[in-house]
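Structure, as structure tokens:
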Amino acid sequence: MQKVKKYDFKAVEKKWQDIWDKDKPFAAKNDLSKPKFYALVEFPYPSGQGLHVGHPRSYTALDIVSRKRRFQGYNVLYPMGWDAFGLPTENFAIKNKMKPSEVTKNNIARFKKQLKSLGLSFDWDREINTTDPEYYRWTQWIFLQLYKHGLAYKKMTDVNWCTSCKCVLANEEVVNGTCERCSSEVIHKKKSQWMLKITQYAQRLIDDLDLVDYPERVKAQQKNWIGRSEGAQIDFETNQQDKIKVFTTRPDTIFGVTYMVISPENPIIEKWRDKISNMEAVDEYIKISAKKSELERTDLAKEKTGVKIDGVYALNPFTKNKIPIFISDYVLMSYGTGAIMAVPAHDQRDWEFANKYNIEIREVISGGDVKKEAYTDCTGAVMINSEFLDGMSVEKAKEEVILRLEREKIGNRKVNYKLRDWIFSRQRYWGEPIPIIHCDKCGYVPLDESDLPLKLPDTDFYEPSADGESPLSSMDDWVNVKCPKCGKDAKRETDTMPQWAGSSWYFLRYLDNHNDKCLADKKLIDYWMPVDWYNGGMEHTTLHLLYSRFWYKFLYDIGVVPTKEPYSKRTSHGLILGENGEKMSKSRGNVVNPDDIVNEYGADTLRLYEMFIGDFEKAAPWSQEGIKGCKRFLERFWGLQGILSDGDGIRDNMSVIINKTIKKVSEDIENLKFNTAIAAMMTLINEIYESGSVTRRELSVFTIILSPFAPHIAEEVWQSCTLGDGTLSDEVWPEFDEEKCKDKVTQIAVQINGRIKYRLDVESDISEERLWEILDSDPEFLKIIDGKQVIKKIYVPKKLVNIVVRQ
RNA sequence: GCCGCUGUGGCGGAAUUGGCAGACGCAUACGACUCAAAAUCGUACGGGAAACCAUGUGGGUUCGACUCCCACCAGCGGCACCA
């Protein structure tokens, strides 16, 4: 037994972090002949709070995968950077009277120091920063390409306006009628905004989910958000010699239409102004709904309101019956056509509205009781009161109506999506300037690509203005320019891009982060893309993940990238909660600072604990006690140096457990089951101590498979015991032998009618015949079945026997 | 309302294809070491004296169900007047 010096984790971790900094063993090589592996984690927003214990859960997981891949001979790219534009930094800067650029610089320095203290194997030479002009030059370049391809356009539109941030929000940023960032009230405002046509990619964003390996819940959530529905668009003529277009998923119910509803924002009302005899009441209603907040308008519990429009009516396209028209805010201008055909007999909302306003309820599908409630679930039911549809099933009737509509040119088959175009401008300072010039004569003129980057002007006055204009608009020197086309006086666009712009393509810049000719060299893109494994949070499913898939598809269409999808595999980590099981937050006072843990227990213990804490994909509460178990395990691993024997090779009695552990750890890492991989290594160490010693070869295998989880201690043990000829990173991942994973003796459970009576040790490779022979001469077995009639005998190899008896 | 997920000891969590429920760790108790404590090591640890009972509840399929089916209950996440 040798005496072992104390495990001084601080010295060990400092030593190896310095070596890694100097020698850069984790640098990805642009050697295109080697098999590549691109591991990606969502780059952090460098906030003022510093790193959260949630960050290392994701980073450590892919660090483990990356380190394992390097042992397996892959050229691994595992990069890190900063998603640094955005409101929190700007707000912090305002509060503390600093410049956002300064705040960003400080925060990045702090984050970087914290990340380095965790021993993550990032290739720091490829670090990127979305606020660096050399980076956002290419964000602007992509915007210009979108503009040139008609996918970026400016439009007067109804926008979500955060009253506190004094800024426009995308639909994705509005949560329950409030601002995702600050939870303040969101109101509607008409504003001219830059928009990106993500809707043009709606179908491809759904279809191509088939090409990628994402968790089902992520795919489902994206599909849900895009919200595809199939139906028909139908024209209803009015007595004003015009038409109301409606979208419906139930064209089969067209004979049941007894009224129509148009949204208060629908511009057709203006056209009818002179013909509407109760225009005052209508105007009043429009005024009231415009004042309502998003929250009030979408409150499902409230009773539906509306006003009948007198003097204008529509005609059923088939029966030519007159149909009254209402205006009501339960119809949204932003979905479909802003008008609906109402079928109270077969739609619950219409049913409620019809009852309130005494409108006829005409049943066209038999099977329900439309006096009591709307009959909506009509699968297989039969049409009635519907002329040429009578007697058909609902499914058949849908098809038939669409064919008829198309033949008579009064409608057509139509697919609608809930997804809206992406509102892309923000009235704030700390973002990428939009590289467009407004010229009275030439309209919107894009900046020449050679003039990029369009730098964000340095200023001390960047607070949002009360009138809702971007702070940039007051900077005359910057705003006033000559039109690149005609040379006359013109103005720059003063809105900036949203926080999500820089992150929509960042994974491409890592491939070639200093390139000043293009966003990245084509050869490198072709080699490294797609990302092999991308881990991130569920909260980005309908934001960053969707946006970046959209941009990437566009870049595919213009020949910049070689594949349809950016990420071949996506996984999602669960949140780390506070000790009380609630989400960690300052206000709840349950925040754990990773620095404190690194200080008290070391980075290796923190890494190990974060991986051991529970199912990687599920939320797990932090436990200050639980972390001790991981520390103890590492201490025991360190202690193995004290029982290192002179023998070499793997001892016979250790062969099975070692092969099993290699297998378990290898497979579990691939399946995100880090917790059970660690449990297997704990079992191994228990068995080693039980055996009294460890051989050099056994320790070297153990050290290699532990090293992705706890790299510092592994390097140190490797070096101080000289476990191999070279350094740990020269080693290859150990193979396991499937044959050697099998125990020589197996315990067979003996069951009677499915209940265990006793257990029997036999050789693992025993034949079924031999087993029954043993049992038939086993007094214990005979005693149990004595006097009972054996009906059936079941044998499950290496597991159990079950005897079915009648009493 | 729609979509997705979860429910196992005091706690975090294990359990290949339907085949020995509770691996591994934490906490706890007792013991060893120590003048003592901490650390460390050892033993026990779902309930029950036992037969047995136990994986949210109630049914079902099966020789056998944490696992499959049906109906509930509870909780979490997303969407939501989407026509």
Side-chain angles (χ1 to χ4, degrees), chain A residues 175-176 215-229 231 246-250 253 260-261 263 297-302 304 328-332 334-343 347-350 352-353 376 416-420 538-539 541-542 574-575 579 581 608-609 612-615 617-630 632-633 635-636 639 664 667 673 675-686 689 746-760 791-805:
Chain A
V175 178
N176 291 332
E216 250 344 282
R217 57 186 171 148
V218 172
K219 290 189 183 185
Q221 215 168 295
Q222 287 207 346
K223 283 182 192 165
N224 220 319
W225 181 261
I226 297 168
R228 181 183 202 273
S229 21
V246 301
F247 171 72
T248 177
T249 56
R250 296 296 303 276
T253 61
M260 299 185 79
V261 187
S263 156
R297 265 192 81 157
T298 56
D299 181 5
L300 275 167
K302 82 160 198 239
K304 292 175 189 15
S328 171
D329 64 7
Y330 86 85
V331 172
L332 311 173
S334 50
Y335 181 78
T337 61
I340 61 158
M341 59 177 228
V343 186
D347 180 285
Q348 192 57 32
R349 286 159 313 175
D350 296 346
E352 282 161 25
F353 193 85
T376 54
N416 244 325
Y417 302 91
K418 286 191 224 171
L419 187 71
R420 322 267 164 89
M538 279 307 285
E539 71 275 17
T541 300
T542 55
L575 290 177
E579 289 212 73
L608 202 68
Y609 177 62
F612 188 61
I613 194 167
D615 184 335
E617 298 187 272
K618 288 193 202 130
W622 185 265
S623 161
Q624 209 59 40
E625 292 299 329
I627 199 166
K628 290 181 187 164
C630 291
R632 264 177 218 147
F633 169 70
E635 294 274 7
R636 276 158 70 78
K664 184 84 180 137
E667 292 174 356
K673 299 177 82 171
N675 52 340
T676 49
I678 294 167
M681 289 189 279
M682 288 173 166
T683 307
L684 174 62
I685 209 163
N686 291 344
Y689 272 106
T746 310
Q747 205 167 53
I748 297 281
V750 180
Q751 299 182 340
I752 305 294
N753 287 347
R755 279 156 191 264
I756 290 171
K757 292 298 169 185
Y758 72 108
R759 295 179 173 87
L760 186 70
I791 295 175
K792 202 170 170 184
K793 291 172 161 184
I794 288 140
Y795 169 62
V796 182
K798 294 181 188 178
K799 296 244 157 84
L800 52 79
V801 292
N802 187 18
I803 316 295
V804 186
V805 297

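Here is how names work: the chains are called A, B, and so on, in the same order as the sequence lines, proteins then strands, and each is numbered from 1.
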For [X], report the nucleic acid contact type (base, sugar-phosphate, nothing); a contact means any heavy atom under 4.0 Å.
X: A:Asn686; result: sugar-phosphate
X: A:Asp350; result: nothing
X: A:Ser229; result: sugar-phosphate
X: A:Val331; result: base
X: A:Thr248; result: sugar-phosphate
X: A:Ala339; result: nothing

Minimum heavy-atom separation for [X] to [Y], with atom names?
X: A:Thr542; Y: A:Gln221; result: CG2-O, 4.1 Å
X: A:Pro621; Y: A:Gly581; result: CB-CA, 4.3 Å
X: A:Arg250; Y: A:Met341; result: O-CE, 3.7 Å
X: A:Val331; Y: A:Val261; result: CG2-CG1, 3.5 Å

In whole angstrom, give me the gap between the [atom1] atoms of [N] and [M].
N: B:rG60; M: B:rA65; atom1: P; result: 12 Å
N: B:rC30; M: B:rA23; atom1: C1'; result: 24 Å
N: B:rU6; M: B:rA83; atom1: P; result: 28 Å
N: B:rA49; M: B:rU40; atom1: P; result: 33 Å
N: B:rG56; M: B:rA51; atom1: P; result: 24 Å
N: B:rG64; M: B:rA50; atom1: P; result: 27 Å
N: B:rA74; M: B:rC68; atom1: P; result: 22 Å
N: B:rG7; M: B:rG22; atom1: C1'; result: 16 Å

- Message: Using O4'-C1'-N9-C4 for purines and O4'-C1'-N1-C2 for pyrimidines, with syn meaning within 90° of 0, is B:rG59 syn or anti?
- Response: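 Glycosidic conformation of B:rG59: anti.
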Paired with [N]: which nucleotide, if any, by Watson-Crick or G-U wobble criteria at under 3.5 Å for both distances?
N: B:rC35; result: none
N: B:rA49; result: none
N: B:rG25; result: B:rC11
N: B:rG1; result: B:rC79
N: B:rA74; result: B:rU6
N: B:rC68; result: B:rG60
N: B:rG42; result: B:rC30

For [X] and [N], what is the distance between atoms [atom1] and [atom2] respectively, to the nearest whole Å?
X: A:Gln624; N: B:rG25; atom1: CD; atom2: C1'; result: 15 Å
X: A:Leu332; N: B:rC81; atom1: CG; atom2: P; result: 6 Å
X: A:Ile627; N: B:rG13; atom1: CD1; atom2: P; result: 16 Å
X: A:Gln222; N: B:rG4; atom1: CD; atom2: P; result: 16 Å
X: A:Ile685; N: B:rG25; atom1: CD1; atom2: P; result: 10 Å
X: A:Asp615; N: B:rC11; atom1: CG; atom2: P; result: 18 Å
X: A:Met682; N: B:rG12; atom1: CE; atom2: P; result: 17 Å
X: A:Gln348; N: B:rA80; atom1: CD; atom2: C1'; result: 16 Å

Which distance, rounded to the nearest 0.5 Å, do you find between the [atom1] of [X] and the [atom2] of [Y]?
X: A:Gln222; Y: A:Thr541; atom1: CD; atom2: OG1; result: 6.5 Å
X: A:Leu800; Y: A:Leu760; atom1: CG; atom2: CG; result: 12.0 Å
X: A:Asp347; Y: A:Glu352; atom1: CG; atom2: CD; result: 9.0 Å
X: A:Asn753; Y: A:Asn802; atom1: CG; atom2: CG; result: 7.0 Å

- Would A:Tyr335 and A:Ser263 count as having a side-chain donor-acceptor pair, cut-off 3.5 Å?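 No, because no side-chain N or O of A:Tyr335 sits under 3.5 Å from a partner of the opposite role on A:Ser263.
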Listed nucleotide nearest any side-chain atom of [X], set [options]:
X: A:Asp329; options: B:rG13, B:rG78, B:rC81; answer: B:rC81
X: A:Glu625; options: B:rC3, B:rC26, B:rG13; answer: B:rC26
X: A:Ile340; options: B:rG4, B:rA83, B:rC63; answer: B:rA83
X: A:Lys618; options: B:rU6, B:rC52, B:rC79; answer: B:rU6

Kindly give the atom pairs (protein nitrogen or oxygen, nucleotide nitrogen or oxygen) under 3.5 Å for nucleotides 16-23 of chain B.
unit_1 : atom_1 : unit_2   : atom_2 : d
B:rC20 : O2     : A:Arg759 : NE     : 2.2
B:rC20 : O2     : A:Arg759 : NH2    : 3.1
B:rC20 : N4     : A:Gln747 : O      : 3.0

- Message: When you compare the side chain of A:Tyr689 with that of A:Arg636, does any pair of heavy atoms fall below 4.5 Å?
- Response: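 Counting from C-beta outward, A:Arg636 and A:Tyr689 do come under 4.5 Å.
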- Donor-acceptor contact present, side-chain A:Arg228 to main-chain A:Ile226, <3.5 Å: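 Not at all, since once roles are kept as given, no pair shorter than 3.5 Å links the two residues.
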- Below 4.0 angstrom, N of the basic side chain to O of the carboxylate: do A:Arg632 and A:Glu635 qualify?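 A salt bridge is absent here (no side-chain N lies under 4.0 Å from a carboxylate O).
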- With the sugar-phosphate defined as primed atoms, P, OP1 and OP2, and the base as all remaining atoms, what B/S/- string results for nucleotides 38-44 of chain B, 5' to 3', for protein heavy atoms under 4.0 Å? --SS---
- Message: Less than 4.0 angstrom between a side-chain N/O of A:Thr541 and OP1 or OP2 of B:rG78, yes or no?
- Response: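 So the side chain of A:Thr541 is outside the cut-off, no N or O lying under 4.0 Å from OP1 or OP2 of B:rG78.
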- Item | Residue mapping more 5' on RNA chain B - nearest nucleotide basis, A:Ile613 or A:Glu216 |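 By nearest-heavy-atom nucleotide position, the 5'-most residue is A:Glu216.
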- Closest-nucleotide ordering on RNA chain B, the 5'-leading residue of A:Ile803 and A:Gln221: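 Per heavy-atom nearest nucleotide, the more 5' residue is A:Ile803.
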- Measure the acute angle between the ring planes of A:Trp622 and A:Tyr609, then classify it against the limits of 30° and 60° as parallel, tilted or perpendicular.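 Aromatic pair A:Trp622/A:Tyr609 classed perpendicular.
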